[in-house]
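On a predicted model such as this, the values are computed, not experimentally measured, just so you know. Convention: sequence-line order gives letters A, B, ...; per-chain numbering from 1.
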Amino acid sequence: MYISLSWLKKYVDIDIPVQELCDRMVRSGFEVEDIQDLSETMKNVVVGKVVSMEKHPDSDHLWICQVDVAAGEPVQIVTGAQNVFEGAYVPAALHNSYLPDGTHITKGKLRGVPSNGMLCSGEELGLKAGDFPGCDVYGIMIMDDTYPAGTDMREVLQLNDYLIDFKITANRPDCNCVLGVAREAAVALGKPFIAPVPAYTEVGGDVHEHIAVRVDDYDLCPRYMGRVVKNLRIKESPDWLKQCLRAAGMRPINNIVDITNFVMLETGHPMHAFDLRDIRGAQIIVRRATEGEPITTLDGKDHTLTSDMLVIADAEGPSCLAGIMGSLNSEIKVDTTDLFLESAKFRRDSIRRTCRALGMRTEASSRYERGLDTIGVELAMERALQLIHDLDAGDIISGVIDCNEGLPVPRKLEVPVQKINDLLGIQVPYDTIVAILNNLCIETTLTDGLLTCHIPPHRDDVEGCADLAEEVMRVYGCEHIVSTPIRGDIVRGRKLPERILTDKVKRILISRQMREIATYSFISSKAIDTLLLEQDDPRRQAVTLLNPLGEEYSTMRTQLLTSMLTVLSTNYNRKIQAGRFFEASKRFMPKALPLTEQPLEIPTLCIGMYGADEDFFTLKGIVESLMDSFSVQPDYASAKEPYLHPGRQAVATYNGAVIATFGEVHPVVAETYDMPVRVYVAEIDLQALFAIEQPQILYKALPRFPAVERDLALLCDEDMPVASIEKIICRAGGKMLESVELFDVYQGAQIEAGKKSVAYSLKFRVPDRTLSDEDIDPVLTKIFKNLKENGCILRT
Amino acid sequence: MKEQLEALRNEALAELAVLSDAKQLEDFRVRYLGKKGSVTALLRGMGALSAEERPVMGQLVNQLRQELESALSEKNTALQQAQQEAQLAAEKLDVTMPGKKIKSGGLHPLNVVLDDLIDIFQSMGFDVVDGPEVETDYYNFQALNVPEDHPARDMQDTFYLADNLLLRTQTSAAQARTMEERKPPIRIICPGRVYRADEVDATHSPVFHQIEGLVIDKGITMCDLKGVLEQFAQEIYGKETKVRFRPSFFPFTEPSVEVDVSCSECGGTGCRVCKGAGWIEILGAGMVHPSVLRMGGIDPEEYTGFAFGIGLDRLTTTRYKISDIRLLFENDQRFLEQFDR
């Protein structure tokens, strides 16, 4: 929220540089996001009086003006505008001047005639219609003689000021206004807060003769005040008022609208002005809308209301969405003569709900939503009437409408004073605590160690000891909080088993030259289609966001593959020759759709790689070493994932549970990701892997007797998986067989078509003696027999 | 005969001196010390000597024999040494040529920093816990003192999945869960992913990471909070680092503070990194709000506590001077490999 320094200065004596003010405000809890020096926007532009002018000899539209800028001789400036006249007061940008849009003006020649600057239009000075009299005419801005020639235009436009952007925290709705910030600035600077005391005169009469107000629902509208102003004199606002609004980023409209906006900025309370003649039946009813009741708001939109929404109605129907927006017919118009002015408090959560339900948000509603205090309703009304009086904008009718069910009084809070220091951990002198709270308008006394505080209605946020401690701390100064080293039992923190195991997985993969990636957990709803999954694949059942940033980020991922493929593609298409990546993250699997409870979040590992050195078995080797490190010997079999190469994919299962699926990416899928190369991916279910019980490592005695080795060369069908051959050998080999190692696979000219040759190295050993041929031969015979039964014969 | 002996000795030693390989040495041994060698021949020729001369000459010949044997052995050793030296010299390598690396990969920079943080907080006795990323409205908001339709909800734009389910906007959601599961003294951190509906730009990402910290015990104060954060900051940014509190607001802490650390680049005098401020904002913190304790089943009259939330992404980008947060999620290998360790 931008507030001008000059406005603040009306209510607190600020005698320090703006930067220091801001530093002190920051220290007391009011973050400053920006400081703008308005005078920087314009330089060396002054009021000039045109003393004479003549036609340019070589132009049919240029004028040569002699301009008095109170600097000795008049300055010659050539202008192309046609509305300048002798005696006119105009803004003159002199040689070496700067305009708000950054334009640098220097002297030069126009068609051979020297010109020592430029006469400016309102637009060139950064002004918009209504900002300043005459600023929106076509041509040069013509001013009256209020300011003599030579006056710096920054003074004329009241630009010798600073705009400070305060970030007001959500607990301090009372500070979303000039008075609130001024009150805090006063405390921060140790100066008195000079509250405005509105005064005005009334013309008599009685408000009740003009209108009747009834509040049906005090729960949603705890206070509703109304006044009537007659014989409106609608006109432009004075410059100071316009400048105040402009500084806050609001457009000046006319005196009445400007006054309500000014009061809102100053007190934080939105006001609403009704055209009295449009209030049907001369009656205002503050009530809940009836179910389905229609309203057309000022922005031309039609809404259908529900019974938890509050409206301001007249005898015939709603004319206002309370605290949010008026309807088309009740607004102030050019020919409005009589005014009904509203100042009210509406319940914040009700406004918020209504806004959300209708998709509306206005300056007024956002203020009501944050919460406004009941007492301030009256100050806002008084301040508006004072301005109407001071600006001679209308005749104030006597009598006040003030509907409420009793006004709040300061809440009493009793807190042992030491509890504040106990929470802060420092010893703030008790009398300092009392003084700080009193300065913050929290009337406080201290008796026998007990603080008795009276919390004013605008400080709803102060509920207990902790809140008081914060008030004390921020004014006393956070710099007084010292550091105490951590206390308590000396223990080292523990990690959850899942984190420890994930760390282990990552270490293993890193040692295999893999790099960890981080990708978003939500993906495009279309991403899953790239995997060519069946329509009933559970991975198509994804949780979707109700309010995503866009389609691209709309779906919680049920797999990590598409994110991985995207990363591989990014790298490949940036001409990076090869890459190995992994991501350990979560898959989100809904228990049911539409979602009624939290989905399963399954820790999952995804591996992806491409490059000249990569192949299926490199990937499998990585998967195997991962399994080895968890002492898991899974069964590997061909898999049937549609996104993988039909002949180059495997699934690893352990006790029937799928631990990993991996293989070469189907070329069609790779092509979708703009990768005309071989790509390898694996997805590993970490939850399943971590669930496998880890055997305790126990030392086995080193062998004392040598092993006996035998090599086998076998011939079998080329389709026979070597894993099944190995299984047969192991089963037949019995206890004596220590290890089986495949060392060669051959297919080619030496071998019958459709067959392959596989060679194994077998090791036999027993712990208590050296084996002899007599021991081993019967075992080998059994192995050969079993192999033969399965179509696998010994090569000779 | 003595002269003959002497001549043989001189001749043999002179010959030995110029020999240069094992083969020549063997020839030499055969010629002088072998069965048919010159020295052996001398011994044989002793039969012609008188009985008195024989023992004297015998001794002299044996002396010669021993002398030549040891000279031969020395020469042999010297030759072997020379040979080995020659071989070693021939095997000289250009040691400035590149080594055969066993390359390794690396953690994502976010997790490099996270691991450091976890280590620091573990050493201070914080357990590391986890929480769901899809949270209920209750744990993400209500249990943190943010009731429905409260203006504090505007502080964060929330992604909703269903009426009551959302993507957690803060790891603070772990606070209430922790309080329900554990009894004081509590000392935990909860690192994790959080989500807010921020459009992607150089400093914003709808997915980012936080580390929530929570300490609850008897007599915990703001000074304890500062102590823990100072230790953390000094481990991360260096021993000279100072910590500053600025009053702020979070619904679930009271008092609440924004925490700045002195800029490690300039030491607090102001530079480009800290935009001239001398301080860098790194986290939000405060004393756990009594209502939050109460909702977690902990009596605020008996216990107090503090909580803090560290933005991991910002910590990472400032540590490595990464100019654009989007780099963290783009995963370009040339970016990632800079963090291999």
Side-chain angles (χ1 to χ4, degrees), chain A residues 26 28-29 169-171 349 352-353 369-371 423-426 464 466-467 469-470 473-474 478 481-486 488 491-496 499 506 510-511 513-521 543 545-547 549 553 567 570-571 574 576 579-580 586 588 594-595 598-599 601, chain B residues 103-108 110-111 121-130 132-134 136 149 151-152 154-155 159-162 165 185 187 193 197 199 206-207 217 221-224 226-228 230 245-249 254-257 287 289-290 304 328-334 336-337:
Chain A
V26 169
S28 71
T169 52
N171 60 329
D349 48 355
R352 196 181 150 90
R353 262 196 301 273
E369 267 185 39
R370 287 187 208 122
L423 195 62
L424 296 178
I426 52 171
D467 306 285
E470 177 169 271
M473 181 193 76
R474 68 185 184 87
C478 279
I481 304 288
V482 294
S483 297
T484 48
I486 189 135
V491 286
R492 183 172 169 81
R494 285 158 305 169
K495 287 181 184 174
L496 298 176
R499 184 174 292 275
K506 290 184 184 181
I510 286 168
S511 71
Q513 216 192 329
M514 313 214 75
R515 296 204 169 79
E516 189 185 22
I517 59 171
T519 60
Y520 286 177
S521 316
V543 180
L545 276 65
L546 298 179
N547 56 334
L549 283 181
Y553 308 124
V567 170
T570 301
N571 279 281
R574 288 179 181 179
I576 294 163
R580 287 183 168 187
K586 290 172 167 179
F588 297 83
L595 205 61
Q598 284 164 285
E601 298 183 13
Chain B
K103 285 188 195 161
S104 72
L107 282 180
H108 191 276
L110 284 169
N111 283 331
F121 284 109
Q122 263 192 300
S123 74
M124 288 195 261
F126 287 73
D127 284 350
V128 188
V129 304
D130 233 331
E133 291 174 29
V134 176
T136 60
D149 296 311
D154 291 344
M155 291 166 75
F159 287 119
Y160 284 91
L161 304 175
L165 293 172
R187 214 185 277 177
R193 271 196 168 186
E199 289 290 343
V207 178
D217 204 346
T221 74
M222 283 296 286
C223 295
D224 296 323
K226 196 168 184 182
V228 164
E230 198 165 88
F245 282 175
R246 269 183 297 118
S248 189
F249 167 72
E254 189 80 35
S256 303
V257 286
M287 302 303 290
H289 197 288
T304 53
L328 292 175
F329 298 100
E330 201 178 70
N331 303 297
D332 187 308
Q333 182 164 256
R334 295 161 299 182
L336 296 174
E337 67 191 7

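Here the side chains of A/L545 and B/L161 are in contact, with some heavy-atom distance below 4.5 Å. You'll find the side chain of A/N547 reaches within 4.5 Å of the side chain of B/F159, heavy atoms only. The shortest distance between side-chain heavy atoms of A/L424 and B/P255 falls below 4.5 Å. Here the side chains of A/K586 and B/R193 are not in contact, with every heavy-atom distance at 4.5 Å or above.
At a 4.5 Å heavy-atom cutoff, the contact between A/K506 and chain B is made by side-chain atoms alone. When heavy atoms are compared at a cutoff of 4.5 Å, A/T519 approaches chain B by way of both its backbone and its side chain. Both the backbone and the side chain of A/Q598 come within less than 4.5 Å of a heavy atom in chain B. The contact between B/L328 and chain A is made entirely by backbone atoms, counting heavy-atom distances below 4.5 Å. Proximity to chain A involves both the backbone and the side chain of B/Q333, based on heavy atoms less than 4.5 angstrom apart. Looking at B/D217, there are no atoms closer than 4.5 Å to chain A (heavy atoms on both sides), in backbone or side chain. A/R499 touches chain B through its side chain: at least one heavy atom from C-beta onward sits under 4.5 Å away, while N, CA, C and O do not. Within the 4.5 angstrom heavy-atom criterion, only side-chain atoms of A/V543, from C-beta onward, approach chain B. Interface remark: B/S123 contributes backbone and side-chain atoms alike to the contact with chain A (heavy atom separation under 4.5 Å). With a 4.5 angstrom heavy-atom cutoff, B/P132 touches chain A via backbone and side-chain atoms both.
Nearest heavy-atom pair across B/F245 and A/C478 is O-CB, 3.3 Å. Across all their heavy atoms, B/P247 and A/R474 have their closest contact at CG-CB, 3.4 Å.
With respect to chain A, the highest number of heavy-atom pairs below 4.5 Å among B/T221, B/T304, B/V228, B/V257 belongs to B/T221. For the set A/V567, A/L549, A/L496, the entry with the most heavy-atom pairs within less than 4.5 Å of chain B is A/L549. Looking only at heavy-atom pairs under 4.5 Å with chain A, the residue among B/P206, B/P290, B/G227, B/C223 that has the most is B/C223. Ranked by heavy-atom pairs shorter than 4.5 Å toward chain B, the options A/D467, A/V26, A/T570 are led by A/D467. Per-residue counts of heavy-atom pairs under 4.5 Å with chain B were compared for A/L423, A/D349, A/L595; the largest is that of A/L423. In terms of heavy-atom pairs under 4.5 angstrom with chain B, the leader among A/G371, A/A518, A/S511, A/P594 is A/A518.
When atom types are taken as modelled, the side chain of A/E516 and the backbone of B/H108 share a donor-acceptor pair closer than 3.5 angstrom. Looking only at distances, no side-chain donor or acceptor of A/E470 sits under 3.5 Å from a matching main-chain atom of B/E254.
In this structure, the separation between CG on B/D127 and CZ on A/R492 is 10.5 Å, given to the nearest 0.5 Å. For the atom pair CE (B/M222) and CD1 (A/I481), the distance works out to 5.0 Å, reported to the nearest 0.5 Å. The OG atom of B/S256 lies 8.0 Å from the CE atom of A/M473; values are rounded to the nearest 0.5 Å. One distance of note links CD1 of A/I576 with CD of B/E337; it measures 8.0 Å at 0.5 Å rounding. Considering CD1 of A/I517 and CG of B/D332, their distance stands at 12.0 Å, rounded to 0.5 Å. Remark: A/S521 OG to B/E133 CD distance equals 5.0 Å, nearest 0.5 Å.
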Subject >> Verdict with supporting geometry, B/K103 and A/R580, side-chain contact (heavy atoms from CB on, under 4.5 Å) >> reply: CA-CA 12 Å; B/K103 285 188 195 161; A/R580 287 183 168 187; over 6 Å; no
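Surrounding CZ of A/R353 are more than 12 heavy atoms belonging to other residues, nucleotides or ligands, all under 6.0 Å away.
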